[in-house]
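As structure tokens, the structure follows; a few thoughts come after it.
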Amino acid sequence: MTGMRPFWNALPTEGRWLLSTVAIQTLGRGLTLPFTIIYLHEVRGFDLALSGALMSVIAITALAVTGPGGS
């Protein structure tokens, strides 16, 4: 049997908490990204291209750090 249900049922309680927390955190981050761009552009006065570049630096740094830091 394949799918999410067997995987979820096989996880210990700590694993379920961890995955649930990561999912909620990722959802929250995704909901705040557009408002961060608006804030940088409207309040702080950055150009939209620079605002996008600043947000991409966050993503690139996360990709570079997560792999080595997670193992």
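Side chains included, hydrogens not; waters and symmetry mates left out as well; all remaining heavy atoms used. In what follows, residues are counted from 1 in the order of the sequence shown.
- The shortest non-hydrogen separation linking Ser56 to Ala53 is OG-O, 2.7 Å.
- One hydrophobic cluster, built from ILVMFWY side chains closer than 4.5 Å, cannot hold both Leu31 and Ile24; they sit in different ones.
- Of all the heavy atoms in Thr36 and Arg29, the pair that sits closest is OG1-NH1, 4.5 Å.
- The closest side-chain heavy-atom distance from Ile60 to Met55 is not below 4.5 Å.
- To the nearest 0.5 Å, atoms OG1 (Thr13) and CG (Leu18) are separated by 12.5 Å.
- Put simply, the side chain of Arg16 gets close to the backbone of Asn9: a donor and an acceptor are under 3.5 Å apart.
- When hydrophobic clusters are built by joining Ile, Leu, Val, Met, Phe, Trp and Tyr residues whose side-chain heavy atoms come closer than 4.5 Å, directly or via intermediates, Val43 is grouped together with Leu54.
- No single ILVMFWY cluster, assembled from side-chain heavy atoms under 4.5 Å apart, contains both Ile58 and Leu63.
- When the shell of 6.0 Å around CH2 of Trp17 is examined, it contains 12 or fewer heavy atoms from other residues, nucleotides or ligands.
- Applying the side chain to side chain contact (heavy atoms under 4.5 Å, CB included) criterion to Leu48, with sequence neighbours excluded, gives Ile37, His41.
- The CG atom of Leu19 sits 5.5 Å away from atom CZ of Phe7, with the distance rounded to the nearest 0.5 Å.
- Under the 4.5 Å side-chain heavy-atom criterion for ILVMFWY residues, a single connected hydrophobic cluster contains both Leu50 and Tyr39.
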